[in-house]
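These notes concern the structure reproduced below.
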Amino acid sequence: MADEDDLPEQLRIRREKRAAILSRGGEPYPVSVPRTTSLLEIRNKHKELPIDVATGIIESVTGRVIFKRDTGKLCFANLREGDGTELQAMFSLDKIGDAQLEIWKSEIDLGDIVSVTGEVITSKRGELSILANSFMLAAKSLRPLPVEHKPLSEESRVRMRYVDLIVRPEARSNARLRPAVMKSLRQTFSSRDFLEVETPMLQVMHGGAAARPFKTFSNAYEMDLFLRIAPELYLKRCVVGGLEKVFEINRNFRNEGADSSHSPEFAMIETYEAYGDWHTMAQLTKNLVQDAAKAVFGSHKVKHHDGRELDLGGDWNQISLFEAISKAVGEKVTGESSIDELKKIATKLGIKLDPKWIKGKIAEEIFEHTAIKTLTAPTFVMGFPIDTSPLVRAHRDTPGVAEKWDLYVEGFELATGYSELIDPVIQRERLVEQAKLGASGDLEAMGLDEDFLKAMEHGMPPMGGMGMGVDRLLMALTGLGIRETILFPLVKPTAGDE
RNA sequence: GGGCCUUUAGCUCAGUCGGUAGAGCAACGGACUUUUAAUCCGUGGGUCGUCGGUUCGAUCCCGACAGGGCCCA
């Protein structure tokens, strides 16, 4: 810690107050304090009290001091508890005496957590209050709170989320929104008899998605390990073993760029359903999203923080990826179009071609370039190129295309669903192809997971699979950036951090 | 990875055409028994992100680095 003399004034003074409390035999951090009820309960119980009433009811409450108005012989403070509920506390000379009033004024600062015991009353202005008979410091704050009335900078909110939660109502509601959505997702799965499983996050071989992994090292096993980029290959092993309907909600890690819609660690749902296919998965996905909207907002129409409304109700549009491309570029493009045709179209659109891109990648780039921004309402984009979907079954009718959809909401990808590839021989061919791409420098290519192939060779039932970003779901529901949906997004330490 | 912007008191921000800085809230001292962003009087608080360069003199101009943001790849 910094030298006591070097501390900024306000930090030094609070440390001195803590020391002063100790030296007069007080306790700045007691093991417990009186508390008979919550601020919320008092507010609920005494909703309609008229002005200037004494109820005769004595309670002990706790809260953080967020406003303090010290007058000569009658002091006022606003206490706030975790959910944001506030209650006024009053300290009068004739109730607590000169010595205690002096302690209240001099030792208690904004930001301190206190316990107040007294009568529930309303003030002469009608404010519901607790009129103290006694009070006790519950925890001394050694740092000042930021100004309540000016918003914290974006960066401070993220770096000191605990402060953000104290001062900003939206921070509190966002923090509670996420668990509400989680609960809803689990209920939707549970009502359809899906089992929640937990599969490894530390993996010997990363796979299940196209992404660069984080690498780490196990001392005990003396081997490199990867943080998972997706749970897919383990969830499929579950289905081989007869856990026919499974889901997992947990973190994945991708060693890639971070921006307003990407975080290096992010929560994801993955689910697999034996005897389902990409259509049943689309239905399930819609149910998950609509149930979550209903659980959180009471409606399929969700209200974004900036006031915009988004209707997630009803049936959702389905468009074909290649039809959308064809319409956008004015000529017929299919899964069988040659790579040269696609390159020509891409160049015409001004897309910078990466020579490493395979055919399907170019088609996807064209799609993203032309169609994505129009997809505000929830839309399933059906039929992705087969060569970029190595774990997906070929379309039952349309050549060159896989039974894969992406769900777009608000112009970003929210979920993706498939009819899963279950032929272990074709799967091996696809993964060998991936391994070749990896060897030729594609850092996102999957490895050849022999154990997974071995599991598949035992017979995997026909099934549908789906993955959905939980952070993205919250973004779709609220319109917030990803860093607002995550309590503690990764931030670089600053040089001046104490 | 490239370009542009940004970093000043505890917080949110002004400002200095180069002469070491201000406001509001917060803090400290005082007055006030019905305040609620209380009010009134008074006071203190800053390595102006870091390190270099130019200059008589740099918070300001230039460069590098670090943090943050936006756009592009």
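Proteins get letters first, then strands, A, B, ... in listed order; numbering begins at 1 in each.
One can find a donor-acceptor pair under 3.5 Å joining the base of B:A26 and the side-chain atoms of A:Gln10.
Across residues 67-93 of chain A, A:Phe67, A:Arg69, A:Asp70, A:Thr71, A:Gly72, A:Lys73, A:Leu74, A:Phe76, A:Gln88, A:Met90, A:Leu93 each have a non-hydrogen atom less than 4.0 Å from an atom of RNA chain B (numbered order).
For the P atom pair drawn from B:C13 and B:C56, the interatomic distance equals 38 Å after rounding to whole Å.
The nucleotide whose nearest atom lies closest to any side-chain atom of A:Lys492 is, among B:U36, B:A27, B:G68, B:G68.
A straight line from CZ of A:Arg12 to P of B:A9 spans 17 Å, rounded to a whole angstrom. A:Ile66 places its CD1 atom 15 Å from the P atom of B:U36, with the value rounded to the nearest Å. Separating the CZ atom of A:Arg14 from the P atom of B:C11 is a distance of 13 Å, rounded to the nearest angstrom. Taking atom CG of A:Leu11 as the reference point, atom P of B:A26 lies 17 Å away to the nearest angstrom. The distance from atom CD of A:Glu107 to atom P of B:C28 is 12 Å, rounded to the nearest whole Å. We find that CG of A:Leu142 is positioned 15 Å from P of B:A27, with the value rounded to whole Å.
The pairing partner recorded for B:G44 is none, the criterion being a Watson-Crick or G-U wobble arrangement whose two distances lie under 3.5 angstrom. In this entry B:U12 has B:A23 as its Watson-Crick or G-U wobble partner, both defining distances falling under 3.5 Å. In this structure B:G1 sits in a base pair with B:C72, meeting the Watson-Crick or G-U test at under 3.5 Å. Nucleotide B:C65: paired with B:G49 (Watson-Crick or G-U wobble, both distances less than 3.5 Å). In this structure, B:U33 forms no base pair with any nucleotide, since neither Watson-Crick nor G-U wobble geometry is met with both distances under 3.5 Å.
Ionic pairing of A:Asp109 and A:Lys17 is present here: one or more N-O contacts between side-chain nitrogen and carboxylate oxygen are shorter than 4.0 angstrom. A salt bridge links A:Glu265 with A:Arg251; the closest basic N to acidic carboxylate O contact falls under 4.0 Å.
Within the 4.5 Å cutoff, no side-chain heavy atoms of A:Gln318 are placed close to those of A:Trp316.
When only modelled atom types and interatomic distance are considered, A:Arg69 and A:Gln88 share a side-chain donor-acceptor pair under 3.5 Å. For the residue pair A:Asp340 / A:Ser338, no side-chain donor-acceptor distance below 3.5 Å is found, with atom types taken as modelled. Residues A:Ser173 and A:Glu170 bring no donor and acceptor atom of their side chains to less than 3.5 Å of each other. A donor atom on one side chain and an acceptor atom on the other are not found under 3.5 Å apart for A:Arg228 and A:Asn250. Side-chain contact annotation: A:Thr388 with A:Glu364, donor-acceptor N/O pair under 3.5 Å present.
Nucleotides of RNA chain B nearest to A:Asp109 and A:Lys124 differ in position, and the one nearer the 5' end is that of A:Asp109. The 5' end of RNA chain B is approached more closely, in terms of each residue's nearest nucleotide, by A:Glu127 than by the other of A:Lys352 and A:Glu127.
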Worksheet, complete the sentence: Each nucleotide of nucleotides 1-8 of chain B classed B (base within 4.0 Å of a protein heavy atom), S (only sugar-phosphate) or -, in 5' to 3' order, makes --------
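Checked against the 6.0 Å centroid criterion, the rings of A:Trp104 and A:Phe135 qualify as a close aromatic pair.
Under 4.0 angstrom from either OP1 or OP2 of B:G69 there lies at least one side-chain N or O belonging to A:Arg483.
Interatomic distance, A:Ile319 CD1 to A:Phe367 CZ, rounded to the nearest 0.5 Å: 5.0 Å.
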